[in-house]
Structure formats: C-alpha cells, structure tokens
Undergrad: 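Structure below; questions to follow.
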2 protein chains.
Amino acid sequence: MAKLTATNASEQPFIPLMQELAGAFQAFSLYDAEGLRKSGSSLTPSQARVIFTLGGTDGMTCKDIGDLTLITKGTLTGVVDRLEEKGLVERWSVEGDGRKTIVALTRRGVRVYQKEFPRHIEFLKEKFDRLGAGDRKKAVELLQKIKGLF
Amino acid sequence: MAKLTATNASEQPFIPLMQELAGAFQAFSLYDAEGLRKSGSSLTPSQARVIFTLGGTDGMTCKDIGDLTLITKGTLTGVVDRLEEKGLVERWSVEGDGRKTIVALTRRGVRVYQKEFPRHIEFLKEKFDRLGAGDRKKAVELLQKIKGLF
DNA sequence: ATAATTAGGTACTGATAAGAACATATTGAT
DNA sequence: ATCAATATGTTCTTATCAGTACCTAATTAT
C-alpha cells in the first residue's frame, strides 16, 4: 500500500462516513438546543443533560454524571456551578470517601425535571419517530461498532 | 397515545439511538483531536478542518467554508483570525461582490496542508479501516437518513 | 429609482469543550 | 506503617460554539 499524498488522501472511502457522522450529530444537536431554548426552561443542552440524568435518582457523584452525560470533569464543574446558582441542584461531600461529591436535584430541580424532561422527549420523539424500528435498531448497532473503533 | 410523564419518557425507544449517536461522535472527536495534538501541528480540530477544506483550492468564501466544515459564521471569523495570525491563511475581499471575503492558504498554509492532511487521514484510516465496506455503506446511508430527520 | 429585504462578515455574549496542573483523599505494594 | 500510585474534583487556559446584534453590500419589489 503506497503512502498517502495530499491529492489522493481525500479519496479514502471512510471520509464520507466521517462527514455523515458529524453532519447527523450536528443536525440533532441544533434541534436539541432549539427545543430547550423554545421551552423557556433556560437550560443549556449540557445543563439539561445533567438535570435529566439526575432525575429519578437520589444524587450521583460527578464522575458518574460525567460518564453518563459524556461531559468531562473540568467542564462539569462549571455546569454544576451554574445549576447550583439557579437553585436546581445541590452538592455535598460524601463521608465514606472524602474525594467524592454528590450532586442531587433540589425540590426546584425535581420540578424542572418533571416538567422539562417529558416535554423535551416529546419534542425529540416527533422527529425520531419518523425513523422505522428496523433502521433504528440497525443504526444503534452500527453506531456502537463505530464507537468501538476508537 | 397518552401524554408522557417523567417516569415513562425514558422508555422511548429512540433514546438509545440518541445516546449512541452522541457516543460515537464523541469517541471519534476525541481520537481526531488526539491525532492533531500529537502531530505537533498545533492545529485545533476546527483549524484543521478549515486548512484541509482549503487545500487544493484557490480559496473560498467564508460562507462556503462554513457550509463544508459545519462551522457557523460567527465561530468561523475567530478560527480564520487565528489561522491568519499563524500565517497559514490570508483574506482579501472580492471585487465583483463587496460582501464576500475570500480565504486562501498562504505558501506556509499549503506546506502545512500537504504535510498534515495525509498524515491525519492515515491516522484516522487506521481505525476506520477496521469497519467492513458493507457496514460503512449502511452506516452512511442511515446517518444520512438521521440527518434528514431534522 | 427608492424602499424593503436578503446575503455575507464581524463583534459581542454566555456557556461549553478538552486538557493540564493542582490539591486532597484513598488505595496498593512493600 | 510508609510511600508510590491512583482516584476525584476544582481551577486555569485557550479555543470553540451558537446565537444575536450590527454593518455593509447586493437584490428584489413596488
């Protein structure tokens, strides 16, 4: 296999896949953000991911929140800071392990979760339901494979 | 169809698809950024997308660059600013249409493109080639469908 | 031809984004 | 028991990111 050059590198067959992955995620992200903006919840996409992840739990560590929301820990600190300022979450340290911090929804946070989570899922469902069950299953399977490549 | 509640909304079958889409894109993005970092090119992912898009052309308008790289115009101004500071691109206005600005690679920019583009494609190819041609084609097809939902 | 609209770029804002350096706490190996 | 290695969060830096407002130029409608 010859070495790639600037001219022939763009002919690699995986490039369209890379572009479509970015394009699909971008289209989804814009729609996702639009729904949150129009709901009047004043939640950013990252803030909503945290609220929706904490909903129905008694609180989780930052590490667990990060693993589920894919927000890196350095970023998560700021996101939780702003949710705390809004009075939607509270933090406390755990006694058994002094390194860990528990983040949990406040009563206000629970109310926001109960109102915004179903509303936002409904908003997304409107689009996603136009994809058939077969395509959906196959897409999940392939996206898992793609994730596993890296 | 009954209205969604906070408790049953999470059972919507499209949620795993949403998660896998984000997960796959995230995994790719991290690998992509890692390759650029380790190459010593000191290009950020956005900067590299612009350089790689301009490569082999005589320059393009900001609008066209934005359409191809999926970078919104407000962001693109800053990205091009930093590439200009590094001496990799230059800007000039077009005479036929006073609104447009052409961005093109400088000689240094061309050298960076010729060196980094094949190198980076090779870096990505190593992972993407582990996906079979059938899966790749099907994934492109499904991702186009997903993009089209929104 | 003039006014209203659209198009292309820039400036600005608030909020991520990832990584690196740091501080502290826990765990593991010896 | 002690010391190195690991784990968890925060802080800091630089760069995106999307949106909005704004500016100028071009296009369209009347």
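Only heavy atoms go into these numbers, but all of them, side chains included; no hydrogens, no water, no symmetry mates.
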Undergrad: Are Thr44(B) and Arg82(B) packed together at the side-chain level, in the sense that at least one heavy-atom pair is separated by less than 4.5 angstrom?
TA: no

Undergrad: Roughly how many Å is it from NZ in Lys73(A) to C1' in dG19(C), rounded to a whole number?
TA: 10 Å

Undergrad: Rounding to a whole Å, what distance do you find between Phe28(B):CZ and dA17(C):P?
TA: 17 Å

Undergrad: How about CZ on Arg91(B), more than 12 heavy atoms from neighbouring residues, nucleotides or ligands closer than 6.0 Å, or not?
TA: yes

Undergrad: Could you walk me through whether Tyr31(A) and Leu124(A) pass side-chain contact (heavy atoms from CB on, under 4.5 Å), step by step?
TA: CA-CA 8 Å; Tyr31(A) 183 74; Leu124(A) 297 173; 3.9 Å; yes

Undergrad: Over how many whole Å does the gap from Leu43(A) atom CG to dA15(C) atom P extend?
TA: 12 Å

Undergrad: Atom CD1 of Ile71(B) to atom P of dT10(C): distance rounded to whole Å?
TA: 14 Å

Undergrad: Find which nucleotide of DNA chain C each of Lys100(B) and Asp97(A) is nearest to by heavy atoms, and output the residue with the more 5' nucleotide.
TA: Lys100(B)

Undergrad: Quick one: is dT16(C) close enough that its OP1 or OP2 comes under 4.0 Å of any side-chain N or O from Gln47(A)?
TA: yes

Undergrad: Hey, does Glu34(A) reach any base, or is it just sugar-phosphate, or nothing, if we go heavy atoms under 4.0 Å?
TA: nothing

Undergrad: Gly98(A) or Ser46(A): which one's nearest nucleotide on DNA chain C is closer to the 5' end?
TA: Ser46(A)

Undergrad: Nearest to the side chain of Arg99(B) - dT6(C), dT10(C), dA17(C)?
TA: dT6(C)

Undergrad: Run the side-chain contact (heavy atoms from CB on, under 4.5 Å) test on Phe128(A) and Phe28(A) for me, step by step, so that the C-alpha distance in whole Å, both residues' side-chain angles and the decisive distance to 0.1 Å come before the verdict.
TA: CA-CA 10 Å; Phe128(A) 275 111; Phe28(A) 160 71; 4.0 Å; yes

Undergrad: Could you state the atom-to-atom distance from CG of Asp32(B) to C1' of dA17(C) in whole Å?
TA: 14 Å

Undergrad: Which part of the nucleic acid, if any, lies within reach of Thr77(B) when heavy atoms closer than 4.0 Å are counted: base, sugar-phosphate only, or nothing?
TA: base

Undergrad: How many Å lie between CG on Asp67(B) and P on dG9(C), as a whole number?
TA: 10 Å

Undergrad: Any side-chain heavy-atom pair from Asp32(A) and Met18(B) closer than 4.5 angstrom?
TA: no

Undergrad: If I take atom CZ in residue Arg37(B) and atom C1' in nucleotide dA18(C), what distance separates them, rounded to the nearest angstrom?
TA: 8 Å

Undergrad: Side-chain atoms of residues 143-150 of chain A: list all donor-acceptor pairs with protein atoms under 3.5 Å, sequence neighbours left out, distances to 0.1 Å.
TA:
from	atom 1	to	atom 2	distance (Å)
Lys145(A)	NZ	Asp135(B)	OD2	2.5
Lys147(A)	NZ	Glu20(B)	OE1	3.2

Undergrad: Going 5' to 3' along DNA chain D, which are the first and last nucleotides with any atom under 4.0 Å from a heavy atom of chain A?
TA: dA7(D) to dG19(D)

Undergrad: Can you tell me if the side-chain N/O atoms of Thr72(A) get under 4.0 Å from OP1 or OP2 in dA18(C)?
TA: yes

Undergrad: Does a side-chain heavy-atom distance below 4.5 Å link Val89(B) with Ile51(B)?
TA: yes

Undergrad: Nearest nucleotide by nearest heavy atom, which residue falls closer to the 5' end of DNA chain D, Asp64(A) or Gly96(B)?
TA: Asp64(A)

Undergrad: In whole angstrom, give the distance that lies between atom CD1 of Ile65(B) and atom P of dT10(C).
TA: 10 Å

